[in-house]
Amino acid sequence: MSAALSLKCGQCGVQLKSVAEAQTHGEMTGHTQFEESTEAVLALTCTECGKPCRSQTEVDLHKKRTGHENYVDKTDEAKAMDTETEMKTVAAELREEAGLPPAAAKDSAGGSGDGAAAEGKEGEMVEPEVDQALKQQLEDMGFLANKSIRALHATGTSSLEQAVNWLVEHGEDADIDTPLLIPKEEPKVKLSPAEAKAAAEEILRKAKVKREKEERELERLREQERIRSGKELLAAKKLEEEQQFRRNVEERAREKREEARAREKIRAKLAEDKRERRRKLGLPEELTPEEIAKEAAEAAEKKRKAEAGKLRLPVKPASAAEKMRAALVEMKKAAGDDEARNSTAWLTLLKLIGNVAHAPQVEKFRRIKLTNAAIQSRLTSLPGSITFLELCGFQKDESGEALVMPEDKVDDILINAAEDEINKAMSNPFFGKL
């Protein structure tokens, strides 16, 4: 029969390396059914960080957290278990923790029953106690007394059939007819109910202390694993971000190279088309020095105009803006506390100059009748309003009954400055009050 390499829980199927692991598993889960197994516990070790993994699930989780792919399989190096010895060791530890004396070693029933069985041991040797009724039945079946005692002691049972089967198997043993003697056991001290209860409570207390200690140690190991896993995840994330940044840089460089190649192809195509057109016109393919000089002059002029256009910013004249602001202040003070009247006048100004800005070619927008009742009530009744319009470019006609603005006198910069001053005055609640 093959040697056992692990213990298997009969209730959940988990593989365990030792009796101690099985005991811990039983304490944590309440499972009690374990059996020896010739299947070794999986032993995979990460070659990059040395983490041991005992299942494929642990391997998959470790790969997901760290990205490590290489593992060494040490399952075949598992050693055979000596279950009996391990169980005796665990039992001795439990008896020691419970404060009980070590278990007395029993003499093997199949071994020698003479004085040699007690060699090196002190104490009186006596014949083992067995079921006298079964012993009598065996003797009635023709077995001698010594054989009957050995069979009943070896089987340790009250089954006549098992005792007979043992005698059949060991009938040829050399010491089968020798009287069996074993060390006399000391009589057990019978505890009172109170003492038995106290001893049981002490055993339970020690077991609870041991379990709590193991749980604390397990929690500590779990916390260490959590911290280590967190560090691995952060390192893996940082590495992925660095790799992604490098990929982005490489992709951008590749795109630039492709754009440069595309522009070069376009320039080559344009140059070829230009030569083709010159051939059709009967001209030489390459430009003459005069044509080259002419194109250079045109390019320089185009560049100069573009730069001049950039420099020509809509800057309002400082003096005109200040005068416009003074005219608005005069209107504000003339209106006094009548905010609605002042607001109506400013909105009318915006409307009049806005019409000119949007359609300077329309003559009616460039003419304001001062005799108009609506203009008088909304605008010109406030001092400073006509001054503001004149600053925008309007002029009184010969009759003095209208303000007009010649089309060639429309100044976009001046009109924009006027609109800006009105908007700032309307948005400032303290305008004209300081």
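The structure presented is a predicted model; accordingly, all values stated were derived computationally and were not measured.
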Colleague: Indicate yes or no: at least one non-hydrogen side-chain atom of L379 is less than 4.5 angstrom from one of L352.
Modeller: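 In short, these two side chains touch, coming nearer than 4.5 Å.
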Colleague: With a 4.5 Å cut-off on side-chain heavy atoms, are V356 and F394 touching?
Modeller: yes
Colleague: Would you say that more than 12 heavy atoms from the other residues, nucleotides or ligands in this model lie under 6.0 Å from the CD of Q224, or not?
Modeller: yes
Colleague: Between K256 and E259, does any NZ, NE, NH1 or NH2 come within less than 4.0 Å of an OD or OE carboxylate oxygen?
Modeller: no
Colleague: Would D397 and R367 count as a side-chain contact (heavy atoms from CB on, under 4.5 Å) here? Give the steps.
Modeller: CA-CA 10 Å; D397 63 0; R367 184 178 181 84; 3.5 Å; yes
Colleague: Can you name the nearest heavy-atom pair linking S385 to L349, along with the distance?
Modeller: O-CD2, 4.4 Å
Colleague: Are any of the side-chain nitrogens in E272 or K269 under 4.0 Å away from the carboxylate oxygens of its partner?
Modeller: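 No, this pair does not count.
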Colleague: Testing the basics here: between E407 and P360, what is the closest heavy-atom pair and its distance to 0.1 Å?
Modeller: CG-O, 4.0 Å
Colleague: When rounded to the nearest 0.5 angstrom, what distance separates CD in E286 from CD1 in I292?
Modeller: 8.0 Å
Colleague: Would you compute the distance between atom CG of L391 and atom CD of E322 and round it to the nearest 0.5 angstrom?
Modeller: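 With rounding to 0.5 Å, CG (L391) is 11.5 Å from CD (E322).
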Colleague: Using the rule side-chain contact (heavy atoms from CB on, under 4.5 Å), only one of E240, Q244, K238 pairs with E242; which is it?
Modeller: K238
Colleague: Salt bridge check, E202 against R205: does any charged N sit closer than 4.0 Å to a carboxylate O?
Modeller: yes
Colleague: Determine the minimum heavy-atom distance between G400 and L370, stating which atoms define it.
Modeller: O-CD1, 3.9 Å
Colleague: Take atom CD of E161 as the centre, draw a 6.0 Å sphere, and report whether it contains more than 12 heavy atoms from other residues, nucleotides or ligands.
Modeller: no
Colleague: For D337, does the CG atom have more than 12 heavy-atom neighbours from other residues, nucleotides or ligands under 6.0 Å away?
Modeller: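 Check fails, neighbour count at 12 or below.
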Colleague: Are any of the side-chain heavy atoms of S381 and Q376 separated by less than 4.5 Å?
Modeller: no
Colleague: So if I apply the side-chain hydrogen bond (donor to acceptor under 3.5 Å, both in side chains) rule between W166 and each of E169, Q162, H170, which one comes out positive?
Modeller: H170
Colleague: Should Q395 and M405 be marked as a side-chain contact (heavy atoms from CB on, under 4.5 Å) after you check the CA-CA gap, both sets of side-chain angles, and the distance that decides it?
Modeller: CA-CA 6 Å; Q395 304 171 5; M405 182 185 294; over 6 Å; no
Colleague: Taking the side chain from N416 and the backbone from D412, do they hold a donor-acceptor pair closer than 3.5 Å?
Modeller: yes
Colleague: If I take atom CZ from residue R378 and atom CG from residue L347, how far apart are they, to the nearest 0.5 angstrom?
Modeller: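 So the gap between those two atoms works out to 10.0 Å.
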Colleague: Side chains of M426 and L350: closer than 4.5 Å at any heavy-atom pair?
Modeller: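 Contact flag for M426/L350 side chains = yes.
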Colleague: Tell me if the aromatic rings of F431 and W346 count as close, with their centers under 6.0 Å from one another.
Modeller: yes
Colleague: Can R366 and K409 be said to form a side-chain contact (heavy atoms from CB on, under 4.5 Å), step by step?
Modeller: CA-CA 10 Å; R366 294 183 282 107; K409 297 296 183 179; over 6 Å; no
Colleague: Roughly how far, to the nearest 0.5 Å, is CD of E217 from CZ of R222?
Modeller: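 Here the interatomic distance stands at 11.5 Å.
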Colleague: Using 4.0 Å as the upper bound for N to carboxylate O, is an ion pair formed by K294 and E291?
Modeller: no
Colleague: Is any side-chain heavy atom of S192 closer than 4.5 Å to one of K197?
Modeller: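 K197 vs S192: side chains apart.
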Colleague: At their closest point, which heavy atom of E48 faces which heavy atom of E69, and how far apart are they?
Modeller: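 That would be OE2-N, 3.6 Å.
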Colleague: So, does T47 use its side chain to make a donor-acceptor pair with the main chain of N70 at under 3.5 Å?
Modeller: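 Looks like yes, one N/O pair under 3.5 Å.
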Colleague: Does the side chain of L287 reach to within under 4.5 Å of the side chain of K274, using non-hydrogen atoms?
Modeller: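 Counting from C-beta outward, L287 and K274 do come under 4.5 Å.
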Colleague: Between the side chains of R211 and E214, is the shortest nitrogen-to-carboxylate-oxygen separation below 4.0 Å, so that they form an ion pair?
Modeller: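 No, no charged N to carboxylate O under 4.0 Å.
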Colleague: State, yes or no, whether a side-chain contact exists between V72 and L44 at a heavy-atom distance under 4.5 Å.
Modeller: no
Colleague: Considering non-hydrogen atoms only, spot the tightest contact between M324 and A417 and give its length.
Modeller: SD-C, 4.3 Å
Colleague: Show the nearest heavy-atom pair for residues K396 and L403, with the distance to one decimal.
Modeller: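 Smallest heavy-atom distance, with atoms named: CG-CD2, 3.4 Å.
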Colleague: Is any NZ, NE, NH1 or NH2 atom of the basic residue among R278 and E285 found under 4.0 Å from an Asp or Glu carboxylate oxygen of the other?
Modeller: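 Salt bridge between R278 and E285, a charged N being under 4.0 Å from a carboxylate O: no.
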Colleague: Is the closest basic N to carboxylate O distance between K302 and E298 below 4.0 Å?
Modeller: no
Colleague: Look up atom CZ in R216 and atom CG in L221, then write down how far apart they are to the nearest 0.5 Å.
Modeller: 13.0 Å
Colleague: Let me confirm one number: the CZ-OG distance from R65 to S229, rounded to the nearest 0.5 Å.
Modeller: 4.0 Å
Colleague: Could you check whether atom NZ of K231 has more than 12 heavy atoms from other residues, nucleotides or ligands sitting under 6.0 Å from it?
Modeller: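 No, not enclosed.
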Colleague: Go through it in stages, so that I can follow the logic: the residues are T45 and D73, the test is side-chain contact (heavy atoms from CB on, under 4.5 Å), and I'd like the CA-CA distance, side-chain angles, deciding distance and then a yes or no.
Modeller: CA-CA 7 Å; T45 303; D73 190 350; over 6 Å; no
Colleague: Is the shortest heavy-atom distance from the side chain of I422 to the side chain of I353 under 4.5 Å?
Modeller: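 Answer yes - side chains close enough.
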Colleague: Between the side chains of R220 and E223, is the shortest nitrogen-to-carboxylate-oxygen separation below 4.0 Å, so that they form an ion pair?
Modeller: no
Colleague: Under a 4.0 Å N-O cut-off, is there an ion pair linking E276 with R279?
Modeller: yes
Colleague: Are R304 and E301 close enough for a salt bridge, meaning some N to O gap below 4.0 Å?
Modeller: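 Looking at E301 together with R304, the answer is yes, because their closest N to O distance falls below 4.0 Å.
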